[in-house]
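Letters go in sequence order (proteins before strands), and every chain restarts at 1.
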Number of protein chains: 2
Amino acid sequence: MSGATAMELPLDQILRGECVEVMRMLPSGSVDCIFADPPYNLQLRGELRRPDDTVVDGVDDDWDKFSDLAAYDRFTRDWLSEARRLLRKDGTIWVIGSYHNIFRIGAILQDLGFWILNDIVWRKSNPMPNFRGRRFTNAHETMIWAARGQDSRYRFNYQAMKALNDDVQMRSDWYLPLCTGGERLRNGHGLKLHPTQKPESLLHRVLVSSTAADDVVLDPFAGTGTTAAMAKRLRRRFIGIERHPDYAEAAIGRVRRETPLPHDAVATTPMKREAPRVPFGSLVERNFIAPGSIVCDKSRRLFATVSPDGTLICGAKRGSIHKLGAMLTNAPSCNGWTFWHVDRDGELVPLDALRAESQAQESTENVAAAQPEGQEMTDISDLPNERSAIAG
Amino acid sequence: MSGATAMELPLDQILRGECVEVMRMLPSGSVDCIFADPPYNLQLRGELRRPDDTVVDGVDDDWDKFSDLAAYDRFTRDWLSEARRLLRKDGTIWVIGSYHNIFRIGAILQDLGFWILNDIVWRKSNPMPNFRGRRFTNAHETMIWAARGQDSRYRFNYQAMKALNDDVQMRSDWYLPLCTGGERLRNGHGLKLHPTQKPESLLHRVLVSSTAADDVVLDPFAGTGTTAAMAKRLRRRFIGIERHPDYAEAAIGRVRRETPLPHDAVATTPMKREAPRVPFGSLVERNFIAPGSIVCDKSRRLFATVSPDGTLICGAKRGSIHKLGAMLTNAPSCNGWTFWHVDRDGELVPLDALRAESQAQESTENVAAAQPEGQEMTDISDLPNERSAIAG
DNA sequence: AGGCGAATTGAATCGACTG
DNA sequence: CCAGTCGATTCAATTCGCC
């Protein structure tokens, strides 16, 4: 997914500066995925900052409350607009927040033309209790996952997510612990360096689900660099933006200490969509299934004959494995690979299994001929050594 | 909480009409709690088929159609403004939605001056899968719980919620099944009467958490009357508004068939009490054993009444199934699961058997909500606001 | 009656590619 | 942009039907 303009990007760096200002310097359509953990200043009286870093007066009359919300909305619209400009057409964005800010973010995402794909609930295994017994324990945060637009052909590594979840579809509620222990960055006094450092497991799932190796991942509020560190570990490229010098410095050191996983370790379960296409005719051609063979459906009620050109014949009807299956069942469509079977020693084997066998044989035949499809082996063990410069 | 104006209200009725128009006729500040399940503004592009080629019966009703986001926002602002006028100063509102609409609703709630107390995630035990493998399984819906304003002294039945949840604070993520089976209203052809009927267990928890007996509960989108029916069962007063004649008629019949629980059965746990050590409350909530049910010991000499929060009542004594068993037998301890029985067709069945039946229905995953070690509920009432719960 | 397997169903923004 | 074709894709809970 990463392409020409990528070389103009300050890749694999933590940039110090205001996120909107820094984003304005980056080229449009250059980023595959964005993960953002913006400040949620609502309800924190006196601490709300405008985009220009001035503090909003915290008074509790209605007018001022409105100005708080409006200021936060302006801030949100500013950085989300830039984010959308930087995102490739088929890229996706993740934004995490709590009930204080996530509703405003979600509404503005929609207003700007983003197309929400899921809202994901991070259920915390160890949340902080509600000390005063006045509310439910606030035990989750919400992430919004959205495509740049309604017609984006976004990436979702369905099989990888399914494999990660005991071979059932990954749900929209994720149960993960808070960032604690050795993972939590601390200052000289043993105090946590950042108040809301996100757990690596969360970013792991985010990146594995919606990015590919070598994709460019942007984090406009990089904090202590969890996104960047996980991107490096998973062999994605990253750009982090962080305003606070202490956080930026900590993030740079953290990323430097991170080692990319071996190439084969970051290859996730492939999606069938990405496998090279094998037409049924080639199976006939290569005699995995002989012309004149009889195929049938699972219940042995429908039968058809394989013709030499890879079509099936049933009485007067003739068509591709898909088309004939659809015709005979009066369905609008049909996957002939799984619909039709051959009888092998009394047992029905789907055509899909024959295809897999043919592909396995082909790959062993071609083992000497190198490159897999579309994965040019430019030396990417070269995460350009840590020039994680401080800009801005 | 209910007071003088309540008598002017059309109490315990389902009113047929447009929700905003009907609400305009009701007096200000007359309602203790609102539960609203507004249209979600789904934007479905075509029919959806399962992998087996059957068609999903989705929501295609006119009431869910809006021309654009702005129209949905206007609609939302209109009914929420009226809702706020009707709400008492210390009242609270619940609104349920999905990612299609909940962000707009949350933002408008805040704009209108409501004060969000929690966002609650309803995790569905049996959601519809994602058939095309293009997204995460959409396995939850979101409820926003908000007070009329920042300074409301709202009701939260903390101890009742804790009792209902294994003597641990109730979290913001609730694991409950969809409305199916006998609870689901059907038309003459056995088809679901309403596409989005909510489960009674959801309303049970909502009403027990945030209302008291005799409180006035308003549902502006009453549908098939789940809110009204549960309000009647729990001896709250209700006003339902429903525009569709078929739904309104069904709701009226449903409420008529509903019987209020005995007075002592709806009195939830007072503050500061001994809590049960087992999640007996979840059996009550899911109606495996109804509040007001009588349980007895094996020899039918001791009897007790089940209350909605999962405690037992015997005369002036009240406690968990274990504690009350111990009290009544003067024993130091007692396993309430095997001590107490329900009479099922003349045969005594131990609560343990009911628990086994319920567990057969519920995933074990739900148990994960336990209090972490070392995070005791000491009375640290001096932590600022509720924002303490956002670390992570 | 009971047990087992098949069938049904649920608030869903649910293709990709070629010509 | 449209039409045609290829072909990837489902989980939990309940209810029905058969033996």
Checklist entry - NA contact type, B/Asp37, heavy-atom cut-off 4.0 Å: base, sugar-phosphate, or nothing? => result base

Next on the checklist: Is the phosphate of D/dT10 approached by A/Tyr158 (side-chain N or O, under 4.0 Å from OP1 or OP2)?
Outcome noted: yes

Item to check | Rounded distance in Å between the P positions of D/dC16 and C/dA1 | outcome: 16 Å

Next on the checklist: In the structure I gave you, are the side-chain heavy atoms of A/Gln169 and B/Phe136 within less than 4.5 Å of one another anywhere?
Outcome noted: no

Item to check | Atom-to-atom span, CG of A/Asp90 to C1' of C/dG15 - whole angstrom | outcome: 13 Å

Checklist entry - Counting side-chain heavy atoms from CB outward, which of D/dT10, D/dC11, C/dA16 is closest to A/Arg153? => result C/dA16

Item to check | D/dG7 and C/dC14, which share atom name P, separated by this distance in whole Å | outcome: 23 Å

Next on the checklist: Rounding to an integer number of Å, can you tell me how far B/Asn126 CG sits from C/dA7 P?
Outcome noted: 21 Å

Checklist entry - Roughly how many Å is it from OH in A/Tyr154 to P in C/dA16, rounded to a whole number? => result 8 Å

Next on the checklist: Just to be sure I understand the rule, does A/Ile321 reach a base, reach only the sugar-phosphate, or reach nothing, if contact means heavy atoms closer than 4.0 Å?
Outcome noted: nothing

Checklist entry - Starting at the 5' end of DNA chain C and moving along, which residue's nearest nucleotide shows up first, B/Asn101 or B/Gly190? => result B/Gly190

Next on the checklist: So B/Thr180, base contact, sugar-phosphate only, or nothing? Heavy-atom distance under 4.0 Å.
Outcome noted: sugar-phosphate

Next on the checklist: More than 12 heavy atoms of other residues, nucleotides or ligands under 6.0 Å from CG of A/Asp166: yes or no?
Outcome noted: no

Item to check | A/His322, nearest nucleotide to its side chain (from D/dC6, C/dG10, C/dG15) | outcome: D/dC6

Next on the checklist: Under 4.0 Å, counting only non-hydrogen atoms across every strand here, what does A/Cys334 touch: a base, just sugar-phosphate, or nothing?
Outcome noted: base

Next on the checklist: Nearest to the side chain of A/Gln159, heavy atoms from C-beta on, is which of D/dT9, D/dC6, D/dC11?
Outcome noted: D/dT9

Checklist entry - For DNA chain C, what is the dot-bracket line, given that a base pair needs Watson-Crick (N1 to N3, plus N6-O4 or O6-N4) or G-U wobble (N1-O2 and O6-N3) geometry with both distances under 3.5 Å, and | means paired with another strand? => result .|||||||||....|||||

Item to check | Shortest side-chain distance from B/Leu48, nucleotide among C/dC14, D/dC11, D/dA8 | outcome: C/dC14

Checklist entry - When all nucleic acid strands are considered with a 4.0 Å heavy-atom cut-off, which category describes B/Arg50: base, sugar-phosphate, or nothing? => result base

Checklist outcome for this item: Of C/dA11, D/dT9, C/dG10, the nucleotide closest to the side chain of B/Pro129 is C/dG10

Next on the checklist: Rounding to an integer number of angstrom, what distance separates D/dC6 and C/dA11 when you compare their C1' atoms?
Outcome noted: 31 Å

Checklist entry - What about the rings of A/Trp145 and A/Trp94, do their centers lie closer together than 6.0 Å? => result yes

Checklist outcome for this item: For residues 70-79 of chain B, the side-chain hydrogen bond (donor to acceptor under 3.5 Å, both in side chains) pairs (sequence neighbours left out) are B/Tyr72-B/Asn101, B/Asp73-B/Arg104

Checklist entry - B/Arg49 near the nucleic acid: base, sugar-phosphate alone, or nothing, with a heavy-atom cut-off under 4.0 Å? => result nothing

Item to check | Spacing between A/Lys162 atom NZ and D/dT9 atom C1', to the nearest angstrom | outcome: 8 Å

Checklist outcome for this item: Separation of D/dC11 atom P from A/Arg171 atom CZ, nearest Å, is 12 Å

Item to check | Value in whole Å for how far the P atom of C/dA12 lies from CG of B/Asp64 | outcome: 11 Å

Next on the checklist: Between A/Arg88 and A/Ser152, is the side-chain hydrogen bond (donor to acceptor under 3.5 Å, both in side chains) condition met? List the steps.
Outcome noted: CA-CA 9 Å; A/Arg88 286 179 200 285; A/Ser152 297; over 6 Å; no

Checklist entry - With a non-hydrogen cut-off below 4.0 angstrom, is A/Gln150 in contact with a base, only sugar-phosphate, or nothing? => result nothing

Checklist outcome for this item: To the nearest angstrom, the CZ-P distance between B/Phe136 and D/dC11 comes to 14 Å

Checklist outcome for this item: Assert: residue with more 5' nearest nucleotide on DNA chain D, out of A/Gly336 and A/Asp167, is A/Gly336

Next on the checklist: Under 4.0 Å, counting only non-hydrogen atoms across every strand here, what does B/Gly46 touch: a base, just sugar-phosphate, or nothing?
Outcome noted: base

Checklist outcome for this item: Side-chain contact check for B/Arg134: nearest option of C/dG15, C/dG10, D/dG7 is C/dG15

Next on the checklist: Please confirm whether the shortest side-chain N or O distance from A/Arg277 to OP1 or OP2 of D/dG7 is below 4.0 Å.
Outcome noted: yes

Checklist outcome for this item: Side-chain contact check for B/Asp52: nearest option of C/dA16, D/dT10, D/dC6 is D/dT10

Checklist entry - At under 4.0 Å between heavy atoms, what does B/Gly182 touch on the DNA or RNA strands: base, sugar-phosphate, or nothing? => result sugar-phosphate

Item to check | Options D/dG7, D/dT9, C/dC14, nucleotide nearest the side-chain atoms of A/Thr338 | outcome: D/dT9

Checklist entry - Any chance the rings of B/Trp63 and B/Phe221 have centres within less than 6.0 Å? => result no

Next on the checklist: Would you say A/Lys323 places a side-chain N or O within less than 4.0 Å of OP1 or OP2 belonging to D/dT5?
Outcome noted: yes

Next on the checklist: Once hydrogens and angles are ignored, does a donor-acceptor distance under 3.5 Å link the base of C/dA11 to the side chain of B/Lys198?
Outcome noted: yes

Checklist entry - With a 4.0 Å cut-off on heavy atoms, is A/Ser320 in touch with a base, just the backbone sugar-phosphate, or nothing at all? => result sugar-phosphate

Item to check | Contact nearer the 5' end of DNA chain C, comparing B/Cys179 with A/Ile116 | outcome: B/Cys179

Checklist entry - Any chance NZ of A/Lys89 has more than 12 other-residue heavy atoms, nucleotides or ligands included, within less than 6.0 Å? => result yes

Next on the checklist: Does C/dG10 have its OP1 or OP2 closer than 4.0 Å to a side-chain nitrogen or oxygen of B/Lys192?
Outcome noted: yes

Next on the checklist: Considering every strand and a 4.0 Å limit on heavy-atom distances, what is the contact class for B/Pro199: base, sugar-phosphate, or nothing?
Outcome noted: nothing

Next on the checklist: Heavy atoms only, 4.0 Å cut-off, all strands: where does B/Asn130 land among base, sugar-phosphate and nothing?
Outcome noted: base

Checklist entry - What integer distance in Å separates B/Gln43:CD from C/dA11:C1'? => result 13 Å

Next on the checklist: Is the shortest side-chain heavy-atom distance between A/Ser81 and A/Leu112 below 4.5 Å?
Outcome noted: yes

Next on the checklist: Between B/Ile93 and B/Val95, is there a side-chain heavy-atom distance shorter than 4.5 Å?
Outcome noted: yes

Next on the checklist: Looking at A/Lys323, I want to see if its NZ is surrounded by more than 12 non-hydrogen atoms of other residues, nucleotides or ligands under 6.0 Å.
Outcome noted: no

Item to check | Same-atom distance (C1') from C/dT9 to D/dT10, integer angstrom | outcome: 11 Å

Next on the checklist: Does the Lys NZ or Arg CZ of B/Arg134 fall within the cation-pi geometry relative to A/Tyr154 - under 6.0 Å from the ring centre and within 45° of the axis?
Outcome noted: yes

Item to check | Validation row: B/Trp122, B/Lys198 side chains within 4.5 angstrom (heavy atoms) | outcome: yes

Next on the checklist: For a quick check, tell me whether the side chain of A/Asn335 and the base of D/dA8 share a donor-acceptor pair closer than 3.5 Å.
Outcome noted: yes

Next on the checklist: Please classify the nucleic acid contact of B/Trp122 as base, sugar-phosphate, or nothing, using heavy-atom distances under 4.0 Å.
Outcome noted: nothing

Checklist entry - Touch check for A/Pro279, heavy atoms < 4.0 angstrom, all strands: base, sugar-phosphate only, or nothing? => result nothing

Checklist outcome for this item: Which of D/dG7, D/dC11, C/dA11 is nearest the side chain of A/Ser333? It is D/dG7

